[in-house]
Engineer: 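For reference, the structure I am asking about is given below.
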Amino acid sequence: MSEWTLTYDAYEPAGEGLREALTALGNGYFVTRGAVASTPADEVHYPGTYLAGGYNRLTTQIEGRTIENEDLVNLPNWLLLRIRIDDGPWLTPDDVQILAYRHELDLRAGVATRMVHFRDAEGRTTRWFERRLVSMAEAHLAGLEVTIRAEDWSGRLTIESAIDGRVTNAGVARYRALSSRHLEPVRTDEPDADTILLQSRFRQARTEVALAARTRIYLDERPVSPPRRTVGEPDLIAHEIAIDVAEGADVLVEKVVALHTSRDVAISEAGLAARDAVAHAGRFGALLDEHALAWRHLWDDCGIELESDVDHHQLPMKIRLSIFHLLQTVSHHSIPLDSGVPARGWHGEAYRGHIFWDELFILPYLTFRIPALTRALLKYRYRRLPAARQLARESGLRGAMFPWQSGSSGREESQRLHLNPRSHRWLPDETFRQRHIGAAIAYNVWQYYEITDDHEFMYFYGAELFLEIARFWVSVATYDARLERYDIKGVMGPDEFHTAYPDAGEGGLDNNAYTNVMVAWLLVRALDVLDSLPDERRRKLCEQIGLTVEEIEQFDELSRRLKIPFHDHDIISQFEGYEHLLEFDWEGARGRYDDIQRLDRILEAEGDSVNRYKASKQADVLMLFYLFSADELRQLFERLGYPFDASTIPRNIDYYLARTSHGSTLSLMVHGWVLSRATRPGSFEMFVQTVEADLRDIQGGTTAEGIHLGAMAGSVDIVQRCYTGLEPRGGVLHFNPSLPQQIDCLRMRIRYRRQLLDVVVDRERLTITSRRFTALPITVAYRGQFREMSPGDSYSFRLIRPLPTGAICAPRRSLIDQPG
Ligand code: BGC
């Protein structure tokens with residue numbers, strides 16, 4: 001592995017699923033898994049392709065109930081390219097003797113290569129070398145180029161290049177009992193001698209998908225036109241091309257593919273668009289040049305460089321891998337789309353491609369880099385405001401109640417039943433009670449506004465979104481006259497282990513501290529949002545959504561009187577009554593089971609319930625220390641009338657850390673962050689574990705079903721915001737760097753209120769340089785030292801209490817400038 005390359009140098013069928021997810025290629029419009037090209041899906045291989053936001057609904061009968069699920073659809077497989085020699089069988093890596101193997105992902109250029117040197121059953125030796133890309137330059141194009149060398153044989157080589165629409169959604173074993181055939185055939189065609197086209201339709205959503213593939217052959221670099229035979233079925237089309245090759249000859253097969261759908265803008269019809277795109281596309285090499293340039297530009301804006309004397313677990317490559325997959329999931333190509341940020345990338349079928357609160361961990365990185373992208377992703381939420389209002393109304397509430405899981409229309413997509421693979425029981429799924437999703441959306445709107453100062457967004461979209469979320473909470477809260485406090489009842493916090501009180505008939509918990517503090521925060525901010533609007537717009541918006549003066553007064557009232565439960569003196573209770581739960585025997589469980597991350601499943605399979613114990617899947621109370629600085633929390637708690645002493649934070653961290661199984665990859669990331677703020681040992685290890693979570697597949701198989709985008713982006717954000725103490729607050733960009741001992745220097749480029757800032761932090765200094773440009777001045781601050789910066793300015797702050805060891809960054813070329 002180099003700093004820019006992920007390499008596998010042996011073929012391991014058992015690990016293919018994981019590698020397919022990690023070497024997937026995409027561009028924010030679609031993603032194709034890094035599966036071998038020569039076989040359709042089977043027990044080892046799963047060549048999925050997914051369109052950003054490409055969902056379809058199907059129903060299934062389970063346990064006498066009709067369940068409807070909306071899934072991210074596995075599109076026709078465009079990769080299929082296989083060979084056979086003379087009358088032999090089609091060759092795959094699984095039935096040849098592999099002499100040498102190398103599968104690489106070049107993060108700098110966004111290209112995956114695979115070399116398979118093999119001997120077949122007849123003793124012939126062949127070398128297969130392929131390069132593939134999903135173009136970051138032209139969102140609808142992808143390419144696969146394979147060079148086949150007949151090392152010690154001559155004979156007839158048959159190449160089959162296909163588009164296979166027979167695919168189903170079969171990527172997640174747990175979902176296999178559910179309906180999975182989302183596509184129906186529309187037509188196949190051969191627009192010209194080199195090109196095949198397959199058009200399919202989503203069975204319910206009626207989205208049409210067209211894939212056109214142009215396959216050209218070159219023999220020892222000369223174009224040739226060997227005879228072709230068309231293989232056609234209603235949902236598969238292939239060209240079978242036979243060519244006589246001499247010993248030592250190189251046959252180059254170039255498959256250039258275009259994907260369009262009926263949801264694309266600026267086209268007439270998907271089939272026509274795909275066919276035209278492929279007809280006008282250049283050769284693979286030309287596509288590669290444009291694509292690599294697009295990636296180089298992206299790395300300029302989005303790279304983060306770390307320097308260290310020691311090679312810490314190839315950290316630079318791993319951080320780049322996270323950034324790479326994030327930008328493949330959402331990029332400038334996503335801006336015109338109506339898609340959200342999927343929790344698992346568009347890399348597989350886990351969680352059906354749904355959109356959760358994970359954007360809370362993803363958007364901060366993006367907003368400092370490509371703010372226009374965050375704006376587009378927030379508009380995914382804005383467009384679903386009517387659906388969220390409808391959800392609130394159906395529950396007799398006001399405002400907007402955003403669904404825990406969202407897909408195409410903004411209705412609640414959380415599954416009603418889920419399968420415990422340990423007990424094989426289908427169980428009610430209560431996770432939809434995570435109403436805190438609305439607070440996460442509001443938080444994201446405010447962060448975006450702080451970072452960009454985008455008044456237009458606030459004016460037209462953000463304020464309405466924010467205020468509708470705020471009034472939902474006012475309508476949900478109930479008043480406890482005895483305590484003179486407001487309660488929020490029947491919800492769930494981020495910790496998905498606690499769905500209900502032990503032995504309660506109904507799901508839901510009362511006064512989840514995370515939810516209530518978030519609500520208090522957003523109600524204060526709602527007042528700021530109103531203040532940010534010109535009088536006339538404020539009046540018209542209030543009229544339009546019917547927001548009354550009484551409701552606005554309630555914002556203020558609730559932000560002062562929501563109930564926050566405590567126990568053991570200064571421990572913030574995860575929810576009301578948490579202290580009555582049983583302590584869990586962690587040591588005993590660790591002795592009994594190899595892996596206790598999913599304690600909920602273990603206990604359910606044993607007839608017990610995790611609801612009975614002080615045991616959490618992930619950070620819940622501690623999310624507060626992740627999202628807010630100690631200073632902000634103090635203000636919030638004081639406003640709520642609760643004493644808050646920052647010195648109790650470490651006790652709270654210890655308390656919950658000892659009671660968490662980290663059953664979500666988000667958990668280690670949040671813990672790594674909060675421990676770092678408390679400058680405690682263990683934080684860096686947690687950060688490294690988070691960066692490696694998918695590479696090492698720490699959940700034992702889930703990464704093959706899709707990467708964990710929240711953890712990937714969140715770990716990059718630890719470097720970006722946590723280690724630099726970056727905090728946009730009150731129109732000031734605050735820094736408070738604290739590098740872990742293992743990192744000597746950090747360099748990155750961020751955007752803040754139209755200025756482009758190069759930020760360098762080492763053990764002694766924080767240096768901020770604003771690129772020359774025309775923009776208004778901004779204010780940056782380091783521990784109470786405020787500086788106004790105009791484009792072209794550079795400031796260096798000497799860090800207070802520099803750590804004793806480590807280097808000082810030498811003046812040198814900015815690594816961010818040119819990865820090349
Ligand atoms: C976590 C949620 C998360 C979801 C999608 C779950 O395992 O508990 O917090 O939103 O995964 O990433």
Side-chain angles (χ1 to χ4, degrees), residues 21 71-72 172 174-175 322 325-326 329-330 340-363 381 402-407 412-415 418-421 427 429-441 443-444 491-499 509 512 514-515 518 574 595-602 610-611 615-624 626-627 656 660-671 673 690 693-694 697-715 717:
D71 286 82
L72 180 70
V172 177
R174 288 183 306 291
Y175 304 162
S322 299
H325 283 301
L326 175 58
T329 307
V330 284
V341 198
R344 305 297 288 273
W346 312 117
H347 292 54
E349 292 155 21
Y351 287 131
R352 307 191 163 81
H354 291 170
I355 317 296
F356 295 65
W357 73 323
D358 300 47
E359 61 199 32
L360 186 62
F361 308 91
I362 296 167
L363 296 188
R381 295 298 191 178
F402 276 90
W404 172 240
Q405 296 189 29
S406 178
E412 177 60 81
E413 299 297 347
S414 298
Q415 52 190 352
H418 69 246
L419 180 69
N420 179 355
L427 305 162
D429 193 320
E430 299 283 345
T431 53
F432 69 92
R433 295 181 194 277
Q434 290 182 75
R435 299 292 168 227
H436 63 86
I437 175 88
I441 295 170
Y443 186 90
N444 287 332
V491 297
M492 270 177 69
D495 163 31
E496 296 194 333
F497 282 178
H498 287 106
T499 58
L509 303 156
N512 168 253
Y514 168 73
T515 305
M518 285 299 279
Q574 188 170 312
D595 180 354
I596 59 161
Q597 289 178 84
R598 292 306 301 265
L599 212 48
D600 54 334
R601 291 179 177 165
I602 294 176
V610 74
N611 270 323
S616 301
K617 179 180 178 188
Q618 65 201 93
D620 195 305
V621 167
L622 301 192
M623 280 298 299
L624 296 174
Y626 169 74
L627 291 176
Y656 285 106
T660 301
S661 76
H662 304 299
S664 158
T665 51
L666 297 172
S667 188
L668 277 172
M669 191 266 288
V670 174
H671 283 88
W673 180 297
T690 310
D694 277 330
D697 194 13
I698 57 166
Q699 291 192 332
T702 62
T703 301
E705 303 166 350
I707 54 159
H708 296 82
L709 202 59
M712 279 197 166
S715 58
D717 193 36

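Read the numbers this way: they start at 1 and go in the same order the structure lists the ligands and their atoms. Because only heavy atoms are used, hydrogens play no part in the values below, and waters and symmetry mates are left out as well, while side chains stay in. Residue numbers count from 1 along this sequence.
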Engineer: Mind listing the closest non-hydrogen atom pair of M623 and P494 along with its distance?
Structural biologist: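 Minimum heavy-atom contact is CG-CG, 4.3 Å.
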Engineer: Is ligand 1 under 4.0 Å from a heavy atom in the side chain of Q618, in the backbone, in both, or in neither?
Structural biologist: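 It is the side chain that touches ligand 1; the backbone stays farther off.
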Engineer: Does ligand 1 have any atom that is closer than 4.0 Å to a heavy atom of F497?
Structural biologist: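 No.
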Engineer: Indicate, as side chain, backbone, both or neither, the part of H708 found under 4.0 angstrom from ligand 1 when only non-hydrogen atoms are considered.
Structural biologist: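 Under 4.0 Å from ligand 1, H708 contributes no heavy atoms.
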Engineer: Please check: side-chain N/O of R598 versus main-chain N/O of D595, any donor-acceptor pairing under 3.5 Å?
Structural biologist: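 No; judged by distance alone, with no hydrogens or angles, the pair does not exist.
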Engineer: Are any of the N/O atoms on D358, whether in the backbone or the side chain, positioned under 3.5 angstrom from an N/O atom of ligand 1?
Structural biologist: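 Right, the criterion is met.
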Engineer: Show me which atoms of ligand 1 lie under 4.0 Å from any heavy atom of L666.
Structural biologist: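 It comes down to these atoms of ligand 1: 3 (C), 9 (O).
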Engineer: Nearest protein heavy atom to atom 6 (C) of ligand 1, by residue and atom, and its distance?
Structural biologist: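 The protein heavy atom lying closest is Y351 OH, 3.3 Å.
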Engineer: Which atom names give the shortest non-hydrogen contact between M669 and S715, and what distance separates them?
Structural biologist: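 In terms of heavy atoms, the two residues are closest at CG-N, 3.9 Å.
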Engineer: How many angstroms lie between atom CH2 of W673 and atom OG1 of T690, to the nearest 0.5 angstrom?
Structural biologist: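 Answer rounded to 0.5 Å: 12.0 Å.
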Engineer: Which atoms of ligand 1 sit under 4.0 Å from any heavy atom of A343?
Structural biologist: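 The atoms of ligand 1 under 4.0 Å from a heavy atom of A343 are 5 (C), 12 (O).
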Engineer: When you compare ligand 1 with W404, is there at least one nitrogen or oxygen pair between them that comes in under 3.5 angstrom?
Structural biologist: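 N/O-N/O distance below 3.5 Å does not exist for this pair.
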Engineer: Is the closest basic N to carboxylate O distance between E359 and R381 below 4.0 Å?
Structural biologist: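 Salt bridge between E359 and R381, a charged N being under 4.0 Å from a carboxylate O: yes.
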Engineer: In terms of side-chain geometry, is the basic nitrogen of K617 or D495 positioned less than 4.0 Å from the acidic oxygen of its partner?
Structural biologist: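 D495 and K617: not salt-bridged.
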